[in-house]
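In what follows, a structure is listed as structure tokens, so that the remarks can point back to it.
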Number of protein chains: 2
Amino acid sequence: MDPSLTGLRVLREIAERGSFTAAATQLGYTQSAVSRQAAALERATGQRLFDRQVGGVTLTAAGLTLLRHAVVALDAVAAADRELKGLPPEHGIVRLGTFPSAGVLILPRALAALRRTHPRIRVTTREATTPALVRAIRARTIDLAVLASRPPHRQLDDQAPPLESLTLSETTLLLAVPAGSPLAAGDTVELEALADQDWIAGPSSTAEPTMGVWPGAPGRPRIVHTARDWLTKLHLVAAGCGITTVPPGLADTVPPGVRLVEVQGGPAERRRVVLARLPGPCPPAVTEIIRALRQEAARQPG
Amino acid sequence: MDPSLTGLRVLREIAERGSFTAAATQLGYTQSAVSRQAAALERATGQRLFDRQVGGVTLTAAGLTLLRHAVVALDAVAAADRELKGLPPEHGIVRLGTFPSAGVLILPRALAALRRTHPRIRVTTREATTPALVRAIRARTIDLAVLASRPPHRQLDDQAPPLESLTLSETTLLLAVPAGSPLAAGDTVELEALADQDWIAGPSSTAEPTMGVWPGAPGRPRIVHTARDWLTKLHLVAAGCGITTVPPGLADTVPPGVRLVEVQGGPAERRRVVLARLPGPCPPAVTEIIRALRQEAARQPG
DNA sequence: GGGGTCCATGACGGTAAGGCATACCAGCCA
DNA sequence: TGGCTGGTATGCCTTACCGTCATGGACCCC
């Protein structure tokens with residue numbers, strides 16, 4: 001008895017999504033089907049491949065080794081498909097994953113610089129949360145990820161082999177306030193002044209801590225708007241609808257009517273932008289991207 | 001719709017065996033099942049993969065490209081299987097195919113020499129007919145083949161890319177006769193003297209010309225024994241049961257009671273021992289084997 | 001403790017895979 | 001020309017698997 005191709009596909013999706021249910025919806029299956037496929041894989045290999053934990057699953061060591069080979073097999077049939085369709089092979093393309101706010105910061109400039117210096121390198125980009133990106137690296141769905149990390153800066157996950165990570169820049173969080181607001185009076189505001197404010201947050205998700213609300217702000221934050229987009233959030237701030245947190249890289253792109261101020265009186269809210277990838281040989285295109293990203297990160301205010 | 005793993009396995013087997021029926025028996029399937037799998041593959045890819053000809057099938061260009069990727073995928077799941085079972089990975093092993101009489105000639109000595117100079121290189125060996133070996137190279141089931149070739153030395157097959165071949169040695173056929181026979185009187189015999197003789201031939205197959213009977217011998221050969229094994233054939237000769245052809249490499253291993261003589265009066269029966277492999281990068285272990293085989297071939301009488 | 005989120009599992013239908021028998025086709029030989 | 005011998009294709013049938021639905025059980029959080 002041996003694994004089926006769909007089984008391997010399911011394995012990869014589980015590895016990437018971190019749960020049977022998420023993998024199922026992604027693949028257009030039922031959760032039940034994915035559960036069965038997972039069971040079939042474990043039966044076929046005779047080993048436990050998944051660690052069922054609350055809130056999802058992670059791969060066991062055996063699951064990771066199977067995943068490693070599964071990706072090779074799946075990529076081979078995908079390559080066959082492309083080649084038989086007459087499409088060009090995909091190697092040389094670097095798949096880059098980014099956390100949401102990287103998209104408006106270093107990423108476009110780094111890619112533009114890269115296109116000038118190395119026009120042959122093709123890059124595809126995918127935006128996702130940090131844990132999703134870490135899983136995607138392990139599932140070999142992306143080659144490189146730009147991640148956000150907050151103290152304490154632990155390892156990205158506790159699977160083997162540990163991911164190779166490289167700090168691109170270390171910044172401190174800022175607060176975006178309407179230009180007319182009393183909070184915009186000085187260059188800094190006190191933490192206590194953040195009580196009883198209207199907040200503009202990111203999309204609320206159970207997994208991630210709410211983005212947009214200053215961590216440790218006193219009282220229960222009153223979230224009046226949620227928006228995914230930085231531009232939306234900043235324009236909401238400009239319209240006086242509320243306040244929100246922003247990374248400092250946005251400093252020179254804020255629309256008129258928005259002021260960025262620092263917050264005093266709490267712990268320093270330091271953020272790192274981290275580059276992560278699987279350990280092992282690094283193809284030249286990837287090293288070039290890393291070089292471009294580092295160069296661009298160095299040029300940012302920090 | 002995409003190909004299944006068993007479909008790819010069937011494809012590889014068809015490529016290797018050269019016919020649906022042979023692939024079926026090899027895989028333990030019915031010919032019908034293989035035919036359906038082949039049809040399913042062609043339906044899935046939307047292209048003709050097989051050239052149905054009399055006596056079997058060959059792969060079309062599309063079939064060959066699919067095969068190339070299929071082998072990668074199948075090897076990946078095989079590697080996963082091995083690794084999950086705790087077996088060592090198989091890379092570094094060179095799979096060598098040989099035509100039958102190579103087994104008693106250069107092969108053992110070359111492998112012995114290789115084991116002395118490079119004990120780390122593992123070699124597996126498989127014996128098959130020349131066309132089967134050529135197909136096995138294309139199916140990537142073997143990495144290298146030692147083939148016999150007779151004039152005119154054409155290309156090994158007419159598929160793309162053409163196989164890379166390298167002549168190891170060029171020899172001329174000899175005749176093994178019982179020591180007491182009138183044929184053993186001198187060092188040579190005349191072609192006409194071969195009429196009305198008892199012959200010891202190889203296993204008769206419809207595909208291959210009968211081995212063992214001197215090509216162009218006058219009259220209809222009277223085959224009184226057939227044997228696969230060189231030692232068997234030579235002992236049959238020693239016992240006076242008949243005569244047979246042998247490659248000259250056996251010269252120093254013939255049992256007592258057997259004499260090797262040349263044949264005059266016909267076209268020179270030249271044979272080449274040829275090394276063949278797919279074009280492309282050559283892993284170091286393979287180059288070492290090639291080196292050992294060439295060295296051993298050079299030390300043979302030729 | 002109730003609700004939400006996750007995985008497991010019994011029951012069920014549809015599809016596809018493989019076996020069997022047969023049709024069919026091309027070459028070969030008498 | 002008419003079997004015979006390779007080979008492939010295909011209609012019919014059974015079976016086994018795959019995915020869905022619905023439900024149950026474990027766990028966390030509020």
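A note on names: the letters A, B, ... follow the listed sequences, proteins ahead of strands, and every chain is numbered from 1. Because only heavy atoms are used, hydrogens play no part in the values below, and waters and symmetry mates are left out as well, while side chains stay in.
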Note to self: I need the full list of salt bridge (Lys or Arg N to Asp or Glu O under 4.0 Å) pairs touching residues 14-26 of chain A, with sequence neighbours left out, sorted by first then second residue.
What the structure shows: E13(A)-R17(A), E16(A)-R126(A)
Checklist line | Sugar-phosphate, base or nothing in reach of G28(B), heavy atoms under 4.0 Å | finding: sugar-phosphate
Check: Hey, does the side chain of Q37(A) come within less than 4.0 Å of dG19(D)'s phosphate (OP1/OP2), counting only N and O?
Finding: yes
Margin query: Applying side chain to side chain donor-acceptor pair (under 3.5 Å), can you list everything that pairs with R272(A), at least two apart in sequence or on another chain?
Written below: E170(A)
Margin query: Using a heavy-atom cut-off of 4.0 Å across all strands, would you classify A33(A) as base, sugar-phosphate, or nothing?
Written below: base
Item checked: Whole angstrom value for the distance that separates P of dA8(C) from CG of D51(A) -> 12 Å
Margin query: Over all strands shown, is G18(B) touching base, sugar-phosphate only, or nothing at heavy-atom distances under 4.0 angstrom?
Written below: nothing
Could you go through residues 51-60 of chain A and list every donor-acceptor pair under 3.5 Å that involves a side-chain atom there, pairing it with any protein atom two or more places apart or in another chain?
residue: R52(A); atom: NH1; partner: E42(A); partner atom: OE1; Å: 3.3
residue: R52(A); atom: NH1; partner: E42(A); partner atom: OE2; Å: 2.9
residue: R52(A); atom: NH1; partner: F50(A); partner atom: O; Å: 3.3
residue: R52(A); atom: NH2; partner: E42(A); partner atom: OE1; Å: 3.3
residue: T60(A); atom: OG1; partner: R48(A); partner atom: O; Å: 2.8
residue: T60(A); atom: OG1; partner: L49(A); partner atom: O; Å: 3.2
residue: T60(A); atom: OG1; partner: A62(A); partner atom: N; Å: 3.4
residue: T60(A); atom: OG1; partner: G63(A); partner atom: N; Å: 3.1

Notebook entry, point to check: Between R82(B) and D75(B), is the closest basic N to carboxylate O distance under 4.0 Å?
Noted result: no
Notebook entry, point to check: Contact class for S35(B) vs. all strands (heavy atom < 4.0 Å): base, sugar-phosphate, or nothing?
Noted result: base
When you compare the protein's N or O atoms with those of nucleotides 22-29 of chain D, which come within less than 3.5 Å of each other, and at what distance?
none

Next item on the list: Could you pull out all residues at least two apart from R140(B) that satisfy side chain to side chain donor-acceptor pair (under 3.5 Å)?
Entry: none
Notebook entry, point to check: For R52(A) and dC6(C), is the shortest distance between a side-chain N/O and OP1 or OP2 below 4.0 Å?
Noted result: no
Next item on the list: Have a look at T21(A) and say if it touches a base, only the backbone sugar-phosphate, or nothing, with a 4.0 Å heavy-atom cut-off.
Entry: sugar-phosphate
Check: What residues, two or more places apart in sequence or in another chain, satisfy salt bridge (Lys or Arg N to Asp or Glu O under 4.0 Å) together with R135(A)?
Finding: none
